[in-house]
Amino acid sequence: MTVIASAIDLDPAAVNELERSFRGQILRPIDPRYDEHRRVWNGSVDRFPSLIARCAGVADVRAAVRFARQAGLAVAVRSGGHSFPGLSVCDDGIVIDLGSMKGIRVDPETRTARVQAGALLADLDRETQEFGLAVPAGVVSHTGVAGLTLGGGIGWLMRKHGLTIDQLLAVDLVTADDQFVKASATENAELFWGLRGGGGNFGIVTEFEFRLNLVGPTVLAGPIYWPMEHSPDVLRFYRDWIADAPDELTTIVFHRTAPALPTVPPEIRGRLVVIVGCCYAGAVEDGEEVVRPLRQFGSPLLDLCRPMPFLTLQAMLDPSFLHGWQYYIRSCDVAELSDDVIDITAEHALQMTSPRTTFPIFHQGGALARVGEHETAFNGRAAGHSINVAAITETVDGFDEERAWARGLWSALEPHHTSVYVNFLMDEGGERIRSAYGAEKYDRLKALKRHYDPDNFFRLNQNIPPE
Ligand SMILES: Cc1cc2nc3c(=O)[nH]c(=O)nc-3n(C[C@H](O)[C@H](O)[C@H](O)COP(=O)(O)OP(=O)(O)OC[C@H]3O[C@@H](n4cnc5c(N)ncnc54)[C@H](O)[C@@H]3O)c2cc1C
């Protein structure tokens, strides 16, 4: 275990007092569990907070906020710990960690769920699928519900049911002056608008209420593989095929090295492949009809698209994005898969060197595009595709080269960038955050920030400064 003394001298009496009233745990750098709880998903992030406040409930969150304000500490807010740039941990400040608050209550009659902020997607899916229901969310089940929701939430169900925020009915929030505030369409409506895409700028969400949708429990889903050298042809076919795809079908294209999973035959493992991952959120037999032309295109190396539990699909990508690896990600939205985008993509894909690197290309449209661009703070509903260029290595070996590769692909696509999803940003600076929202939304969010957090107490995030 590595223990590094904090640069900030905290008043031990004040820390003890916080600890006495706390229902959860206060971890100091000397605590044996400190190292485990300061680590985040992205192993390239290595920071040492002065304290970690593992909250058990709203009272702990409010106490931690009060303490941080009085001590003048920087505040990182952590739920699932999956921020790409590791914004949920800091050096010297305090981590307000909601990871223990995982309570979920599903009401199958009203088709709603109350979800505490520390729940992971796996927790949410487990509870909702018990009733054949689901909240559309992300594609890796160890991601946190909170950070994902506050940025928007794209995933396998988005074309059928919309973004995660499109299901959001209400939130409970603790503000910078430790007030408990509720927000919904009818209560603090402007705050509710901003929370649907504006990230952690306005306070700490302690609980969400979601509308639930009927999903599965069996869906037609899974990946179809072709050799990566066939990518230009596969992508051209794919572009035409998805042009009139029904909303039930959401697909994601991956370029990567075929993984060594039990479902992948040994002769295919380790080959560079282009994959179309499918999810048909409707009747399986209808899905078979829709997917047939794709699986008949060219000669797929492997076709794993089949009826499966929605829960299986949701966990399918988990082993590809393990905790603790080195991650560097550059993202952009593009309007369409033009010939130029396809050719750039296919050419650069062949140059990736790490067997862990991949870059999902999410197909958007459908229900998410039918919600008005100004109804929520999320930007980019009109984009055709969201691209996530992820340089990944298991250790630092080769990470620099892979990062350079990711930058190269992202830059080559620059003439085609339209918007970018805030949850896919790294630490890219204020101008990029501003352009991610667009000037109009950014100004509206800034006004909201001035109202709820004029001192920018919550600034370790994709920050919208009040001034
Ligand atoms: C492996 C992986 C897969 C992903 N897949 C998808 C995907 O399919 N779809 C998608 O939309 N996104 C996806 N993402 C991006 C994801 O939405 C963001 O990384 C998100 O921030 C993760 O939320 P978290 O709670 O796990 O993160 P954390 O690191 O805990 O939080 C990230 C930030 O969110 C804010 N925040 C977190 N909790 C709270 C809270 N309770 N109140 C207020 N602010 C809070 C803070 O600013 C914090 O810095 C993925 C990320 C990873 C690492």
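Keep in mind that this is a model prediction, so the values were computed, not measured. Counting starts at 1 for both ligands and their atoms, in listed order. Positions are given from 1 along the sequence.
- Relative orientation of the Phe321 and Tyr327 rings is parallel, given thresholds of 30° and 60° on the angle between their planes.
- Geometrically, Arg38 engages Phe48 in a cation-pi contact, judged by NZ or CZ lying under 6.0 Å from the ring centre and within 45° of the ring axis.
- Salt bridge Glu414/Arg330: absent, no basic N to carboxylate O contact under 4.0 Å.
- Residues passing the ring-ring contact (aromatic ring centres under 6.0 Å, His included) test with His417, sequence neighbours excluded: Trp410.
- With sequence neighbours left out, Tyr421 forms a ring-ring contact (aromatic ring centres under 6.0 Å, His included) with Phe378, Phe424.
- Sorted by chain and number, the residues within 4.0 Å of ligand 1 by heavy atom are Trp41, Val77, Arg78, Ser79, Gly80, Gly81, His82, Ser83, Phe84, Leu87, Ser88, Ala117, Gly138, Val139, Val140, Thr143, Gly144, Ala146, Gly147, Leu148, Leu150, Gly153, Ile154, Gly200, Gly203, Ile204, Val205, Phe321, Tyr421, Asn423, Phe424, Leu460, Asn461.
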Review item, side-chain donor-acceptor pairs of residues 384-392, under 3.5 Å, at least two apart:
from, atom 1, to, atom 2, distance (Å)
Ser386, OG, Asp333, OD1, 3.2
Asn388, ND2, Ser331, OG, 2.8

